[in-house]
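Below: one structure, written as structure tokens.
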Amino acid sequence: MNHRPILAALLALPLLAVAPPVTAQEGPGLSVTLPEGITRAQLGDRDMEVLAVQIMLDRTNHSPGVIDGYNGGNTQRAVAAYRRNNGLPEGGGINTEFLRSLLEAESGSMFRTYTITQDDVDGPFYDVPSDFAEQADMERVGYESPHEMLAERFHMDREFLAALNPDADFGRAGQEIVVAAHGTQAIAGEVARIEVRKDAGEVAALDAQGNELATYPATVGSGEFPSPSGRMTVNAIAPEANYTFDPDDQRWGPDKTFIIPPGPNNPIGGTWIDLGKDGYGIHGSPDPQLIGKTTSHGCVRLTNWDADELAQAVSQGVEVEFV
């Protein structure tokens with residue numbers, strides 16, 4: 001397999017060079033060159049190979065969740081999803097054959113520069129309280145800072161964005177920053193069914209033939225507050241949804257009904273895919289770094305960007321199966 005054209009294209013880019021896997025004697029892997037002025041020391045114990053893999057996976061519609069450079073469960077889930085959808089044996093993880101396949105599919109720079117605009121700086125931004133009653137009094141439960149907004153826009157962990165840009169003022173228009181060259185493509189194909197794989201902490205979008213078009217890490221219910229079982233259908237899609245907390249429908253929280261306005265820091269992250277059963281849906285989250293690492297009160301949480309991508313690809317009547 002000849003990777004010279006891929007390697008040549010990658011090395012021509014100024015920000016990050018990714019070489020094809022080295023020989024088995026040296027150990028399989030990617031040779032990663034960081035952007036100018038960025039040192040490994042300032043990125044701490046983040047793994048540069050994992051970082052490149054996360055960015056490339058994000059561009060294949062197999063989301064690793066937040067891009068952070070750590071080989072956690074969400075990244076491992078995305079690696080497994082990519083392997084089974086690209087004819088690779090299961091259980092191999094990030095090995096030579098996986099890296100070769102990913103490099104063939106996703107050539108191009110891993111990072112790019114972005115210049116912060118006046119609109120980015122102007123917001124508006126909000127101090128978001130944790131109390132439902134206080135959130136209900138807000139006009140919008142929006143981002144708290146340009147830093148938070150930009151991290152989500154580029155699918156990045158906030159600490160990682162700050163580590164890449166240690167001297168940046170995220171609140172200054174004209175500031176140039178380094179960001180992940182994340183995925184931007186819509187789901188290719190028509191989504192006919194969604195599977196919520198509770199044990200795997202995964203949501204998969206499938207076509208009519210059962211092919212996986214996209215997969216996402218998900219937070220699902222716990223033993224105390226389980227997600228439902230069986231089949232439902234998409235009842236409605238709300239990209240800018242209020243969140244209504246009704247104590248009559250819940251076994252947790254306050255004893256009063258609150259209607260919380262939309263926004264990315266709303267308890268449902270703003271995007272709501274309604275499943276036709278009171279209180280149950282697939283939605284975003286104000287805490288993308290916690291997706292797949294905690295449990296929900298029965299709903300299915302995705303990162304805001306993954307929830308938005310899925311919401312744009314589904315329509316009313318699509319079957320949703322909890323397995």
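The shown structure was predicted, so the numbers you read here are calculated from the model rather than taken from an experiment.
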Where [X] and [Y] come nearest, the two heavy atoms and their spacing:
X    : Y    : answer
L302 : P217 : CD2-O, 3.5 Å
N304 : P264 : ND2-O, 3.3 Å
S109 : A181 : O-CB, 3.4 Å
A163 : Q42  : O-NE2, 2.9 Å

>> Evaluate S63 against D306 for side-chain hydrogen bond (donor to acceptor under 3.5 Å, both in side chains), listing each step before the verdict.
In response: CA-CA 8 Å; S63 171; D306 288 341; 2.7 Å; yes
With a 4.5 Å heavy-atom cut-off, do [X] and [Y] have their side chains touching?
X    : Y    : answer
W272 : I237 : no
V191 : L213 : yes
H182 : I55  : no
D120 : R153 : yes
I177 : L164 : no
L102 : T60  : yes
M232 : F322 : yes
V196 : V220 : yes

Mind checking ring-ring contact (aromatic ring centres under 6.0 Å, His included) for [X] and listing every partner two or more places apart, or none if nothing turns up?
X    : value
Y126 : none
F98  : Y82
H147 : F170

Under a 3.5 Å distance rule, please check whether [X] uses its side chain to pair with a backbone N or O of [Y] as donor and acceptor.
X    : Y    : result
R83  : G93  : yes
Q135 : V141 : no
N86  : L88  : no

Indicate every side-chain donor-acceptor pair of residues 66-74 with a distance under 3.5 Å to a residue at least two apart or in another chain.
unit_1	atom_1	unit_2	atom_2	d
D68	OD1	Q54	NE2	3.0
D68	OD1	Y70	N	3.0
Y70	OH	D45	OD1	2.9
N74	ND2	I291	O	2.8

Once you round to the nearest 0.5 Å, how far does [atom1] of [X] lie from [atom2] of [Y]?
X    : Y    : atom1 : atom2 : value
T303 : E309 : OG1   : CD    : 8.5 Å
E49  : D47  : CD    : CG    : 6.0 Å
W305 : L310 : CH2   : CG    : 15.0 Å
L34  : M110 : CG    : CE    : 12.5 Å
E190 : L206 : CD    : CG    : 13.0 Å
I94  : T75  : CD1   : OG1   : 7.0 Å

> Considering residues, nucleotides and ligands other than D131, do more than 12 of their heavy atoms fall under 6.0 Å from its CG?
Replying inline: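 More than 12 heavy atoms, drawn from other residues, nucleotides or ligands, come within 6.0 Å of this atom.
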>> For the CG atom on D122, are there more than 12 heavy atoms of other groups (residues, nucleotides or ligands in this structure) within a distance under 6.0 Å?
In response: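 For D122, atom CG is crowded (more than 12 foreign heavy atoms under 6.0 Å).
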> Would E321 and R193 satisfy salt bridge (charged side-chain N to carboxylate O under 4.0 Å, His left out), going step by step from the backbone distance to the final call?
Replying inline: CA-CA 8 Å; E321 185 173 9; R193 184 163 59 93; 3.5 Å; yes
Name all residues meeting the salt bridge (Lys or Arg N to Asp or Glu O under 4.0 Å) criterion together with [X]; count only those two or more places apart in sequence or in a different chain, and write none if there are none.
X    : answer
R140 : E240
R197 : E195, E202, E212
E152 : none

> Is there any side chain to side chain donor-acceptor pair (under 3.5 Å) pair reaching into residues 259-271, and which pairs are they, with sequence neighbours excluded?
Replying inline: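 The answer is E148-N265.
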>> I'd like to check the side chain to side chain donor-acceptor pair (under 3.5 Å) partners of R172; sequence neighbours left out, ordered by chain and number.
In response: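 Side chain to side chain donor-acceptor pair (under 3.5 Å) check on R172 returns Q175.
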> Looking at residues at least two apart in the chain, or sitting in another chain, which of them share a side chain to side chain donor-acceptor pair (under 3.5 Å) with Q312?
Replying inline: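 In terms of side chain to side chain donor-acceptor pair (under 3.5 Å), with neighbours along the sequence ignored, Q312 is linked to D308.
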Just list the side-chain donor-acceptor pairs under 3.5 Å for residues 282-290, sequence neighbours left out, or say none.
unit_1	atom_1	unit_2	atom_2	d
S285	OG	D287	N	3.0

> Stepwise, does the side-chain hydrogen bond (donor to acceptor under 3.5 Å, both in side chains) test hold for Y114 with N165?
Replying inline: CA-CA 11 Å; Y114 176 77; N165 300 277; over 6 Å; no
> When you look at R100 and N95, which way does the side-chain hydrogen bond (donor to acceptor under 3.5 Å, both in side chains) test go after all the steps?
Replying inline: CA-CA 9 Å; R100 284 175 176 160; N95 63 7; over 6 Å; no
> Salt bridge check: are E319 and R231 linked by an N-O gap of less than 4.0 Å?
Replying inline: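 Yes, charged N to carboxylate O under 4.0 Å.
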>> Side-chain heavy atoms under 4.5 Å apart, restricted to Ile/Leu/Val/Met/Phe/Trp/Tyr: what other residues fall into the cluster of I259, or is it alone?
In response: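 I259 clusters with nothing; isolated.
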